[in-house]
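First up is the structure itself, then whatever we jot down about it.
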Amino acid sequence: MKNSNVVDIIVVGGGHAGCEAALAAARMGRETILVTLKENTIAALSCNPAIGGVGKGQLTREIDALGGVQGLVTDLAGIHYRMLNTSKGEAVQSLRAQVDKDEYSKEMRALIAKQPRLRVWEGSVEDIHLDGERAGGVKLGDGSVLRSRRVILTNGTFLRAVMHVGENISEGGRVGEGSVQHLSGVLGAMGLETGRLKTGTPPRLDRSSIDWDRLTIQQPDPEPEGFSHWRDLPRREWMNCHVTRTNESVHDVIRSHLHRSPMYSGQIEGVGPRYCPSIEDKVVRFPDRTGHTIYLEREGLQSRSVYVNGVSTSLPADAQEQLVARIPGLEKAKFLRHGYAVEYDFFPPYQIRRTFECRAVPGLYLAGQICGTSGYEEAAAQGFLAGVNAVLSLADEAPFILGRDEAYMGVLADDLVRCDPREPYRMFTSRAEYRLMLRHDNADLRLACRGEELGLIDARQADRVRADQQKISDTISRLHGTRIGTRTLHQRLRSPGTNWKTLEEEIPEVTTWQLEERLQERIRIEVRYESYIERQMIEVERLRKQERWQLPDDLQYSEIPGLRSEAREKLNSLRPDTIASAQRIAGVSPADISCLMVALRARTQHEGRESR
């Protein structure tokens with residue numbers, strides 16, 4: 001290293017956010033240290049052994065298109081792939097992959113180990129070292145100090161973390177690991193507000209004790225597509241998933257033990273994820289449901305452990321064993337680990353900018369579950385953006401901000417900085433108003449050029465994407481200019497049920513175009529939704545105009561005439577950076593936006609007169 005006493009960036013936490021942040025920073029040329037409690041738990045899949053899902057899969061594809069690593073590592077460890085929502089439109093289709101969890105962590109550790117300018121440091125960070133008012137490093141539990149020019153915290157669920165199994169309470173953010181006790185208080189003293197959230201995980205069962213013949217087989221896609229744009233999916237024998245359901249007998253057991261559940265006894269104060277509820281929550285919230293689907297997912301090709309997806313619970317161990325024994329196929333199942341809940345501190349993300357830098361502490365970045373999100377994919381996206389922006393800030397370069405019309409990652413960042421989560425935030429396709437443009441299939445076309453600008457996508461990769469864009473454009477023009485009877489091939493391809501194979505059967509000349517299969521499908525989607533995308537582009541242009549109206553950090557909302565008290569309160573708290581962001585805040589009306597724009601014009605005119 002150029003200076004062994006001060007490095008450029010320290011990343012705290014070796015989860016999905018930390019891995020992306022550290023690798024991005026090092027690959028962009030900065031000396032980086034990744035501090036983690038245990039090196040062998042880097043990129044551990046603490047909960048489900050899977051990456052992707054509705055909305056989440058798009059995040060992973062976008063990270064890959066920009067030069068991140070989650071998609072690549074998933075493909076190296078994947079054992080079961082399925083494209084979700086295939087009965088619906090392409091805008092809401094998302095890839096999900098089950099992975100060998102040990103292999104996933106191993107592959108990520110290998111990438112980190114061979115990355116120049118990146119080293120791993122085992123330790124517990126208990127304090128932030130300050131250089132004046134800026135973050136200037138970290139203080140470890142053993143009293144030593146690591147100095148840096150930027151600090152990125154990605155502590156996941158480990159801040160003052162407590163695990164619950166029924167009435168039993170123990171310290172830790174994950175089984176077999178401890179928690180970080182003092183850092184929340186340190187940041188609180190620096191002016192950051194903290195909150196409390198909860199997450200949970202299901203039991204793990206011994207695969208040899210399950211009656212697999214009583215379960216429904218869910219096969220993977222026969223010819224799956226991987227997450228990475230840059231290398232083919234390794235060929236291997238894919239693994240089946242298995243499905244069963246709860247029943248009223250199971251629900252009766254849960255109801256009879258509900259008073260012992262930490263969620264209902266008052267033992268847990270934090271709020272859990274609405275869209276990934278515990279089995280107790282499902283039974284209470286949906287009393288008319290006679291059953292809930294359960295997916296049994298192997299945690300690895302050689303692993304004995306089976307993840308019981310759909311039975312997240314913190315009920316006492318004996319109650320867990322009773323309810324599992326009443327699920328078809330699991331009557332004789334043996335537990336390898338009981339389910340548990342984790343309660344932990346987080347920092348409401350309205351305290352960060354879209355760069356993920358803290359407003360209260362310059363040079364300090366937050367990313368991942370400590371920002372109030374849930375999920376590996378959301379964490380990885382935040383870590384990537386935090387790492388990139390920390391590097392750019394070192395060179396006083398413009399920040400890397402993705403718009404809501406450019407990427408789900410842009411939606412995520414914009415949502416976070418203007419929300420005060422009362423429950424963990426999770427990405428869905430429904431959160432993206434321009435989801436027709438932000439599809440799974442076109443992430444590279446949207447973002448590879450941005451990754452090239454960052455130096456994370458090489459020229460060969462970017463040239464391939466530019467060539468694809470040209471082929472798509474040329475082929476669409478050719479479709480407009482080729483007729484079948486009175487209709488163009490473009491019109492024919494827009495017809496329901498028509499695909500590229502249809503065109504080749506009807507017009508043999510099309511086979512001479514020699515278009516790759518992966519591009520055939522992209523063109524079909526573009527042609528089919530062309531008019532809808534054009535309408536969305538008009539909305540996007542309106543949005544971009546609003547994004548150009550920057551709201552200064554020192555704007556005094558209390559002094560702006562006409563603003564309603566609710567709007568003043570929300571704007572002062574969330575401090576949006578543009579008119580467009582302000583417009584999306586609940587409680588800020590169109591009339592309030594008009595008042596803001598009047599105030600901005602007056603300020604601009606005043607500053608213009610002063611400059612003269």
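Treat the numbers as computed from the prediction; the structure is a model and nothing was measured.
I579 has its side chain within reach of L596: a pair of non-hydrogen atoms, C-beta onward, lies under 4.5 Å apart. Looking at C19 and I42, their side chains come closer than 4.5 Å, going by heavy atoms from C-beta outward. T60 places none of its side-chain heavy atoms less than 4.5 Å from the side chain of K56. Side-chain contact between V180 and E126: present, with at least one pair of heavy atoms (C-beta onward) separated by less than 4.5 Å. Side-chain contact check for L454 versus R27: every heavy-atom pair is 4.5 Å or farther apart. With contacts defined as side-chain heavy-atom distances shorter than 4.5 Å, the pair Y425/Q369 does not qualify. In this structure, L555 and I560 have side chains that are in contact, with non-hydrogen atoms separated by less than 4.5 Å. With a 4.5 Å cut-off on side-chain heavy atoms, P277 and K282 count as touching.
A salt bridge is absent between D553 and R575: the closest approach of a Lys/Arg side-chain nitrogen to an acidic carboxylate oxygen does not fall below 4.0 angstrom. The existence of a salt bridge linking D8 and R117 is excluded, since no basic side-chain nitrogen approaches an acidic carboxylate oxygen closer than 4.0 Å.
The backbone N or O of L118 sits nowhere less than 3.5 Å from a side-chain atom of E31 that would complete a donor-acceptor pair. N442 contributes a side-chain N or O that, together with a main-chain N or O of R439, makes up a donor-acceptor pair within less than 3.5 Å. The main-chain N or O of M409 is found under 3.5 Å from a side-chain atom of E62 such that the two form a donor-acceptor pair. Distance alone, capped at 3.5 Å, is enough to place a donor-acceptor pair between the Q58 side chain and the Q93 backbone. Side-chain N or O atoms of S594 include none that pairs as donor or acceptor with a backbone N or O of D592 at under 3.5 Å. Under the 3.5 Å distance criterion, the side-chain polar atoms of Q351 are matched with a main-chain donor or acceptor of P348. The backbone N or O of P399 sits nowhere less than 3.5 Å from a side-chain atom of R354 that would complete a donor-acceptor pair. The main-chain N or O of G57 is never found under 3.5 Å from a side-chain atom of S94 such that the two would form a donor-acceptor pair. In this structure, the side chain of Y376 engages the main chain of C47 through a donor-acceptor pair within 3.5 Å. With Q382 contributing its side chain and E378 its backbone, the two residues share a donor-acceptor pair below 3.5 Å.
Just one of R431, R404, R353 meets the salt bridge (charged side-chain N to carboxylate O under 4.0 Å, His left out) condition when paired with D414; it is R404.
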- Message: Would Y529 and M437 count as a side chain to side chain contact (heavy atoms under 4.5 Å, CB included) here? Give the steps.
- Response: CA-CA 9 Å; Y529 292 110; M437 298 163 55; over 6 Å; no
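Inspection of the S179 and Q181 side chains reveals an N or O donor paired with an N or O acceptor under 3.5 Å. At a cut-off of 3.5 Å, with distance as the only test, a side-chain donor of S393 or Y365 sits close to an acceptor on the other residue.
For the atom pair L416 CG and L366 CG, the distance stands at 11.0 Å (nearest 0.5 Å). The CE atom of M427 sits 10.0 Å away from the OG1 atom of T373 when rounded to the nearest 0.5 Å. Note that CZ of F400 and CZ of F384 are 6.0 Å apart. Values are rounded to the nearest 0.5 Å.
For W121, the CH2 atom counts as loosely surrounded, since its 6.0 Å shell holds 12 or fewer non-hydrogen atoms of other residues, nucleotides or ligands. For E133, the CD atom is loosely surrounded, since the number of other residues' heavy atoms within 6.0 Å does not exceed 12.
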